[in-house]
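Working notes, structure below.
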There are 2 protein chains.
Amino acid sequence: MTVRRQPNPNSESVDNYLKAILALGGPEENRVASNALAQRLGVAPASVTNMLQKLAAGLPPLVEYERHRGVLLSDAGKRRALEVVRHHRLIETFLYEVLNYPIEEVHEEAERLEHFISERFEERIEAKLGYPKMDPHGHCIPAMDGRMPKENSVPLTHVVRKATVVVDSISDRDAAIVKLLRTTGIVPGAQLRVRGRHADGGHDVSIGSSVKVYHLSPEAADAVKIHPPP
Amino acid sequence: MTVRRQPNPNSESVDNYLKAILALGGPEENRVASNALAQRLGVAPASVTNMLQKLAAGLPPLVEYERHRGVLLSDAGKRRALEVVRHHRLIETFLYEVLNYPIEEVHEEAERLEHFISERFEERIEAKLGYPKMDPHGHCIPAMDGRMPKENSVPLTHVVRKATVVVDSISDRDAAIVKLLRTTGIVPGAQLRVRGRHADGGHDVSIGSSVKVYHLSPEAADAVKIHPPP
DNA sequence: CATCGATCTTAGGCGTACCTAATACTTAGG
DNA sequence: CCTAAGTATTAGGTACGCCTAAGATCGATG
């Protein structure tokens, strides 16, 4: 007698697919293309198709998937994705605040641990931290029920003329950039004067009232998210 | 062109096999039988044979394995096993001391997380805890280089006549027993008077100078490790 | 010292998550 | 509106860690 199993919805891989779909879909929750997922996850496009079919066939389905038209998170998928994001951001905050990690190291550790902590761990570090609303990069931490203020920040690369803006958050995916920005003083809440823009997409900026001008590479500028200009 | 890979020595499974061999081999580092491993790990004996062959074939080999004669840890295997035990015990201590986990819940969480924490995490929680020598169950925490005082405690079940003994440590593998013992006051360092022994292997004991007598099931008595009698 | 029962190993399979190569679909340009 | 380029899917294969069933080995006992 063979027991037929549902595709296991509790794996690290599944978590990562769901998180990537959430991130790439953006606040508008657009359909996400297989290729974009493949690139973000560092796997072959064929692997993505394969996984999406499994996720769509699960009980409950975690995504809505139509061949050639990209993928959307289902309610269950979104719930799980936000749960993982919540884990990630609570862990980052915990590593930074309680264990005194350097800011540029929190992401990698959180990326590993987010899949394995229990509800109890989640609850206990949240309490220890005093129920924080933000992680150290300036990202909102989803509530236990998955609710989270809508994100409306834009990358600094979208600022095309001289302007004064306020840093909302920093993308944590590249440790070297996180470290550079931290050292430069470009942190959530900082005021930034955009002095000019290079052909390559880089920016010249000053911080606060300082006259010193820093040049940011296109990648660094893209990692800086600012409050939307009026 | 096919790239031939070494068996991956970094997996959760491998960790668990090495830990089990370390535990079952005891302080004398006896050869461990496949069946014993299978039972402890909850897998089929065939799976054990399979894994042992891979572990022995790795570079470096993690075990010394001869068909039908059981298995021993190699130096590299012992190093890794002690590293995982160190992780486990540091995490347990951390959960108990810093996150105020109930004692009976630390084991399960540590069992999951021990495979995924980085060197940095290990180092930081150790520092936060003030370089503890013991976990909350009374087990020694191996040093970073793998050194650890030799264990010489014996289970309470080995005490066959009336005697007064001191609790060394508590096995953490069964949460219900851990909770029971904690509630009863049977904790590392406690003095125990063994009043009598039942045919089934259970014990009647009193704690400290109290006259109250508790009956311990064979399983509970086996989970209590005491300092060796003189 | 032969045999039986326990223990261990081999053989053959499965599910997951990945891969490459070949094929199919979509869509933008001519 | 048709086709080429780009994107996506199918087909077939791998490594890992597990399984069951069948066969080999060991060792205690008659």
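In what follows, chains carry the letters A, B, and so on, assigned in the order in which the sequence lines appear, proteins first and then strands, with residues in each chain numbered from 1.
- Contacts between residues 39-51 of chain B and DNA chain D, counted as heavy-atom distances below 4.0 Å, involve Gly42(B), Val43(B), Ala44(B), Ala46(B), Ser47(B), Met51(B).
- What separates CD of Glu12(A) from C1' of dG17(D) is a distance of 16 Å, to the nearest Å.
- Atom CG of Leu52(A) and atom P of dT7(D) are 17 Å apart (whole Å).
- Phosphate proximity of dC18(C) to Tyr17(A): present, with a side-chain N or O under 4.0 Å from OP1 or OP2.
- Put simply, Tyr65(B) has no side-chain N or O that comes within less than 4.0 Å of OP1 or OP2 on dC8(C).
- Within the structure, every pair that satisfies the ring pair (Phe, Tyr, Trp, His ring centres under 6.0 Å) test and touches residues 39-91 of chain A, not counting sequence neighbours, is listed here: His88(A)-His107(A).
- Under the salt bridge (Lys or Arg N to Asp or Glu O under 4.0 Å) criterion, the residue pairs touching residues 17-27 of chain B are Lys19(B)-Glu111(B), Lys19(B)-Glu114(B), with sequence neighbours excluded.
- Between Gln53(A) atom CD and dT9(D) atom C1' there is a gap of 7 Å when expressed in whole angstrom units.
- Arg197(A) places no side-chain N or O within 3.5 Å of a backbone atom of Val160(A) that could act as its donor or acceptor partner.
- Phosphate contact (OP1/OP2 of dT9(C), side-chain N/O of Ser34(B), threshold under 4.0 Å): present.
- The CZ-C1' distance, from Arg67(A) to dT9(D), rounds to 7 Å in whole Å.
- With respect to the salt-bridge test (charged N to carboxylate O, under 4.0 angstrom), the residues Glu104(A) and Arg182(A) do not qualify.
- Distance Leu37(B) CG to dC18(D) P: 12 Å, rounded to the nearest Å.
- For Asn35(B) and dT25(D), the CG to C1' distance is 14 Å, given to the nearest whole Å.
- Rounded to whole Å, the distance from NE2 on His68(A) to C1' on dT26(C) is 8 Å.
- Applying the side chain to side chain donor-acceptor pair (under 3.5 Å) test to every pair with at least one member in residues 22-40 of chain B, sequence neighbours left out, gives these pairs: Glu28(B)-Asn30(B), Glu29(B)-Lys78(B).
- What separates CG of Leu24(A) from P of dT7(D) is a distance of 15 Å, to the nearest Å.
- Here ring pair (Phe, Tyr, Trp, His ring centres under 6.0 Å) pairs that include residues 133-159 of chain A, with residues two or more places apart or in two chains, number zero.
- At dC16(D), none of the side-chain N or O atoms of Ser13(B) fall inside 4.0 Å of OP1 or OP2 (strictly under the cut-off).
- The side-chain contact (heavy atoms from CB on, under 4.5 Å) search around Phe116(B) returns Leu113(A), Phe116(A), Glu12(B), not counting sequence neighbours.
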